[in-house]
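Before any comments, here is the structure.
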Amino acid sequence: MTNDVSYTTEEIAKLLKISKLTVYDLIKKGELPAYRVGKQMRIDAADLEAYKARAREGRMPAAAPAPSGASRPEPVYSPGSRPLVITGQDISLDILAKHLEKQAPGVRPLRSYVGSLDSLISMYRGESDIVSTHLLDGDTGEYNIPYIRKLLVGFSYIVVHLLTRNAGLYVPQSNPKRLRSWDDLAQPGLRIANREKGSGARVLLDEQLRLHGIAPGSLSGYETEESSHMGVAGKVATGEADVGVGIEKAASIVGGVDFIPLIRERYDLVMLKKPDNREWIEAVRRILQSDAFLGELRSIGGYDLSETGKVLLET
């Protein structure tokens, strides 16, 4: 029966042919009821059909209540609480969301696993609230700030440092191609496992190829995209690629891969400064500097937390 069917946010995005961030936006606005099952959000088929009917008729009121006598798991949002979309893939963001849910009772964190550039664009469109980014500007050697200034023109925002981590090359164990630097990507016949457009790792690769005069087309597999660091490292581990670009943590998890560190990348958070955001922004800043949060990140390892919570730019 339809009442027994529910969908994940990813499935809703595919069914409606919209982005996952747009699904989150519909949930935030109360147009698409959702509830939590463990760490996952679900949308009932009946609520999806009701949303589609309202959209066809051009009326989009607040979400309809559950049918009489029906029970529903805990809602993702409740009266008086505000859903906050946190973008990015690093596990530190999941930990931040957990602490934020406990320490800022007026908000409900929602996680969206999208790349850095798409995250900033989603903030520009009003679809996300806490954006994580690790975008290298090859001309200046600076991370994030040049992109934020260009994309968030006219906005008032704060940029806070989250962590620093190693990025570089994934290679098979024993590094048979003897890859040691960005210049080595010019080696003929290399097969690469690439990330999706807009991700920090893709921007890092493209900037290094540009700076070292290497044509992307010379790398076999450049047009084939993986959606995570783990996916890239996995392709290298299985022998489907000779090299990939990503962070050190994935190499420590995926067996059969060595890691060549080439750059220290800065991973920062961006939040828009609006009157309604003031309280939860302060909560985020307190969490970033708390012993509990920092202790959890230290237990994971691989992070430089010496400047976590530092304000890098405020407009």
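Each residue takes its place number in the sequence, starting with 1. What you are looking at is a predicted structure, and each value in this text was computed from that prediction instead of being measured. The figures here come from the full heavy-atom set of this structure, side chains too, leaving out hydrogens, waters and symmetry mates.
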*Stepwise, does the side-chain contact (heavy atoms from CB on, under 4.5 Å) test hold for Leu93 with Ile130?*
CA-CA 10 Å; Leu93 301 168; Ile130 302 175; 5.8 Å; no

*Could you give me the CA-CA distance, side-chain angles and deciding distance for Leu16 and Val23, then say whether side-chain contact (heavy atoms from CB on, under 4.5 Å) is met?*
CA-CA 9 Å; Leu16 296 180; Val23 176; 5.6 Å; no

*Given Gln208 and Leu185, is the side-chain contact (heavy atoms from CB on, under 4.5 Å) satisfied, shown in steps?*
CA-CA 9 Å; Gln208 296 299 338; Leu185 295 180; 5.7 Å; no

*Test side-chain contact (heavy atoms from CB on, under 4.5 Å) on Arg285 and Val311 and set out the steps.*
CA-CA 9 Å; Arg285 294 182 62 184; Val311 176; 3.3 Å; yes

*asked:* For Lys52 and Glu49: C-alpha separation, side-chain torsions, deciding distance, then whether salt bridge (Lys or Arg N to Asp or Glu O under 4.0 Å) applies.
replied: CA-CA 5 Å; Lys52 290 163 65 176; Glu49 292 304 316; 3.5 Å; yes

*Using the salt bridge (Lys or Arg N to Asp or Glu O under 4.0 Å) rule, take Asp129 and Arg82 through it: C-alpha gap first, then chi angles, then the decisive distance, then the call.*
CA-CA 11 Å; Asp129 301 284; Arg82 173 186 174 183; 2.9 Å; yes

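For the atom pair CD1 of Ile192 and NZ of Lys235, the computed distance is 13.5 Å after rounding to the nearest 0.5 Å. From Ser92, atom OG reaches atom CD1 of Ile300 across 7.5 Å, with rounding to the nearest 0.5 Å. Ser306 OG to Leu294 CG: the interatomic distance, rounded to the nearest 0.5 Å, is 10.5 Å. In this structure, Gln187 CD and Leu190 CG are separated by 4.5 Å, a value rounded to the nearest 0.5 Å. To the nearest 0.5 Å, atoms CG (Leu136) and CD (Glu207) are separated by 6.0 Å. Remark: Tyr157 OH to Arg149 CZ distance equals 5.5 Å, nearest 0.5 Å.
Using a cutoff of 4.0 Å between basic side-chain nitrogens and carboxylate oxygens, Glu101 and Arg108 are scored as salt-bridged. Remark: Arg165 engages Asp90 in a salt bridge, criterion side-chain N to carboxylate O under 4.0 Å. A salt bridge does not link Glu31 to Arg54: none of the charged side-chain nitrogens sits closer than 4.0 Å to a carboxylate oxygen. For the pair Asp268 and Arg266, the salt-bridge criterion is met [side-chain N within less than 4.0 Å of a carboxylate O]. Salt bridge present: Asp139 and Arg210 bring a charged side-chain N and a carboxylate O closer than 4.0 Å.
In terms of modelled atom types and a separation under 3.5 Å, the side chain of Asp184 and the main chain of Arg180 share a donor-acceptor contact. With hydrogens and angles ignored, the 3.5 Å screen pairs a side-chain donor or acceptor of Asn144 with a backbone N or O of Thr133. Distance alone, capped at 3.5 Å, places no donor-acceptor pair between the Glu296 side chain and the Ile95 backbone. Put simply, the side chain of Gln89 gets close to the backbone of Ser227: a donor and an acceptor are under 3.5 Å apart. With hydrogens and angles ignored, the 3.5 Å screen pairs no side-chain donor or acceptor of Asn175 with any backbone N or O of Asp258. In this structure, Arg191 contributes its side chain and Gly239 its backbone to a donor-acceptor pair below 3.5 Å. Looking only at distances, a side-chain donor or acceptor of Thr308 sits under 3.5 Å from a matching main-chain atom of Leu162. A donor-acceptor pair is defined here as one N or O able to donate and one able to accept, closer than 3.5 Å; no such pair exists between the side chain of Lys273 and the backbone of Ile158. Distance alone, capped at 3.5 Å, places no donor-acceptor pair between the Asn194 side chain and the Glu225 backbone. For the pair Asp118 (side chain) and Gly198 (backbone), a donor-acceptor distance under 3.5 Å is absent.
Leu297 and Val160 end up in the same hydrophobic cluster when Ile, Leu, Val, Met, Phe, Trp and Tyr side chains are linked at under 4.5 Å. Hydrophobic clustering (ILVMFWY, side-chain heavy atoms < 4.5 Å, transitive): Val203 and Tyr143 are in distinct clusters. Leu179 and Trp182 fall within the same hydrophobic cluster, defined by Ile, Leu, Val, Met, Phe, Trp and Tyr side-chain heavy atoms under 4.5 Å apart, directly or through other members. No single ILVMFWY cluster, assembled from side-chain heavy atoms under 4.5 Å apart, contains both Tyr170 and Val243. Criterion: ILVMFWY side-chain heavy atoms under 4.5 Å apart, direct or through other members. Under it, Leu169 and Ile263 are part of a common hydrophobic cluster.
Phe155 and Tyr124 have their aromatic ring centers within a separation under 6.0 angstrom.
Partner of Thr164 under the side chain to side chain contact (heavy atoms under 4.5 Å, CB included) criterion, chosen from Glu307, His134, Arg264: Arg264. The side chain to side chain contact (heavy atoms under 4.5 Å, CB included) with Leu269 is formed by just one residue from the set Ile281, Leu96, Val159; it is Leu96. Of the listed residues (Asp206, Leu205, Leu204, Val232), just one forms a side chain to side chain contact (heavy atoms under 4.5 Å, CB included) with Arg195, and that residue is Val232.
In summary, the side chains of Asp94 and Tyr113 do present a donor paired with an acceptor at a separation below 3.5 Å, with no hydrogens or angles considered. There is no side-chain donor-acceptor pair under 3.5 Å between Tyr267 and Asp304.
Between Phe293 and His99, the two ring planes are perpendicular [angle over 60°; tilted spans 30° to 60°].
Residues Ala97 and Ile86 share a closest heavy-atom pair of CB-CD1, 3.9 Å. In plain terms, the two heavy atoms of Asp183 and Ile214 that are nearest each other are O-CD1, 4.1 Å.
With a 6.0 Å radius and a threshold of 12 heavy atoms from other residues, nucleotides or ligands, Lys102 has its NZ atom at or below the threshold. Environment of CD in Gln289: crowded, with over 12 heavy atoms of neighbouring residues, nucleotides or ligands closer than 6.0 Å. Counting heavy-atom neighbours within 6.0 Å of Ile91 CD1, excluding the residue itself, gives a total of 12 or less.
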